[in-house]
Amino acid sequence: MSDTSSPGEAGSDAEMLAGLRADCRQLAQEIIGTFSGDPATMIATAESCTGGLIAAAITDIAGSSAVFDRGFVTYSNGAKQDMLGVRAATLEAYGAVSAQVATEMVLGARRRSRADIAVSVTGVAGPGGGSPDKPVGLVWMGLSGPGDLTSAAELRWDPSWSRDMIRAATVCAALEALLGRAELRSGSQDTPASP
């Protein structure tokens, strides 16, 4: 396998990235329409590997001030602890890219905001930094919403994707998760997941 891409391959990557970004914009528009109301459902984000791109996708859309409360960019472990209250013991035991840290991040975002629903992401966007246990493309996403229903989901993107594509795909997944959780805001009877 060659280390260099042909022009056709590069074009395909660029087209895929453009498609992901267009999808993200459409999802963000749907979030504004879905979450706006009387009263509006407020959103908070807690981001590591995406560095604020989820918050940016939402706030790029006019009317986002009705539904977006705040975003936390917690790229370092210290920031996760200082801004979101992630426990040092959790980081030491499981590492930053884990279900446990994603869960503590999203719960911290809800506690430290006025949000009804929050999403968190922590992962390995590449091109380096991966390991056999935590390869490039691995992302954990936390979601917390109505009735304190909290969950963590594992996302695995193709490790051959560019950093930009992994981050864009993660943004789309987070926006889709927020839309899915919006369906529960009328009162879910589901049992909250253990953090």
Side-chain angles (χ1 to χ4, degrees), residues 17 20-21 23-25 27-29 31-32 35 41-92 94-130 134 136-145 150-155 157 161-179 181 195:
L17 181 57
L20 283 168
R21 288 178 172 159
D23 289 347
C24 288
R25 184 164 183 83
L27 288 164
Q29 289 171 334
I31 283 172
I32 305 307
F35 284 46
T41 298
M42 299 302 288
I43 300 166
T45 59
E47 304 181 59
S48 185
C49 59
T50 50
L53 293 174
I54 302 167
I58 296 169
T59 58
D60 274 350
I61 307 302
S64 58
S65 60
V67 302
F68 189 78
D69 179 51
R70 69 193 72 186
F72 301 88
V73 177
T74 57
Y75 210 70
S76 70
N77 286 351
K80 290 175 180 66
Q81 293 173 74
D82 295 344
M83 296 172 70
L84 298 171
V86 174
R87 295 173 296 173
T90 304
L91 288 160
E92 185 175 338
Y94 302 103
V97 181
S98 64
Q100 293 81 0
V101 168
T103 299
E104 289 192 20
M105 286 173 66
V106 79
L107 290 173
R110 282 197 68 197
R111 277 193 305 269
R112 298 179 182 199
S113 71
R114 295 179 180 88
D116 307 293
I117 296 176
V119 66
S120 68
V121 292
T122 180
V124 186
K134 297 181 180 183
V136 170
L138 171 64
V139 176
W140 279 96
M141 177 174 62
L143 196 62
S144 183
T150 301
S151 61
E154 181 184 70
L155 308 175
W157 308 118
W161 284 2
S162 70
R163 179 179 178 82
D164 287 344
M165 286 199 296
I166 289 170
R167 284 162 42 112
T170 301
V171 171
C172 283
L175 296 174
E176 286 176 344
L178 286 169
L179 279 171
R181 190 52 55 95

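Any value given below was found using the heavy atoms of this structure, including those in side chains, with hydrogens, waters and symmetry copies removed. Position 1 is the first residue of the sequence, and the numbers go up from there.
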Closest approach of [X] and [Y], non-hydrogen atoms and distance?
X: Ala168; Y: Leu20; value: CB-CB, 4.0 Å
X: Arg163; Y: Gly126; value: NH1-O, 2.5 Å
X: Ala125; Y: Ile166; value: O-CD1, 3.5 Å
X: Ala96; Y: Asn77; value: CB-OD1, 3.4 Å
X: Leu155; Y: Ala173; value: CD1-CB, 3.8 Å
X: Ala174; Y: Val119; value: CB-CG2, 3.9 Å

[atom1] of [X] to [atom2] of [Y]: how many Å apart, nearest 0.5 Å?
X: Met42; Y: Phe68; atom1: CE; atom2: CZ; value: 8.5 Å
X: Tyr75; Y: Met83; atom1: OH; atom2: CE; value: 15.0 Å
X: Trp140; Y: Met105; atom1: CH2; atom2: CE; value: 14.0 Å
X: Ile58; Y: Asp69; atom1: CD1; atom2: CG; value: 11.5 Å
X: Cys24; Y: Glu176; atom1: SG; atom2: CD; value: 8.5 Å

Please check: side-chain N/O of [X] versus main-chain N/O of [Y], any donor-acceptor pairing under 3.5 Å?
X: Arg70; Y: Arg112; result: yes
X: Arg110; Y: Asp116; result: yes
X: Glu104; Y: Thr90; result: no

Indicate yes or no: at least one non-hydrogen side-chain atom of [X] is less than 4.5 angstrom from one of [Y].
X: Thr74; Y: Gln81; value: no
X: Leu53; Y: Arg21; value: no
X: Leu175; Y: Ile54; value: yes
X: Arg181; Y: Ser151; value: yes

Exercise. For the pair Gln100 and Leu91, evaluate side chain to side chain contact (heavy atoms under 4.5 Å, CB included) and give the outcome as yes or no after the intermediate values.
Key: CA-CA 8 Å; Gln100 293 81 0; Leu91 288 160; over 6 Å; no
Self-check item: Stepwise side chain to side chain contact (heavy atoms under 4.5 Å, CB included) test for Lys80 and Ser120
Solution: CA-CA 11 Å; Lys80 290 175 180 66; Ser120 68; over 6 Å; no
Quiz prompt | Trace of the side chain to side chain contact (heavy atoms under 4.5 Å, CB included) decision for Thr103 with Leu107 | solution = CA-CA 6 Å; Thr103 299; Leu107 290 173; 3.9 Å; yes
Quiz item: Could you go step by step and tell me if Leu143 and Leu178 meet the side chain to side chain contact (heavy atoms under 4.5 Å, CB included) rule?
Solution: CA-CA 8 Å; Leu143 196 62; Leu178 286 169; 4.1 Å; yes
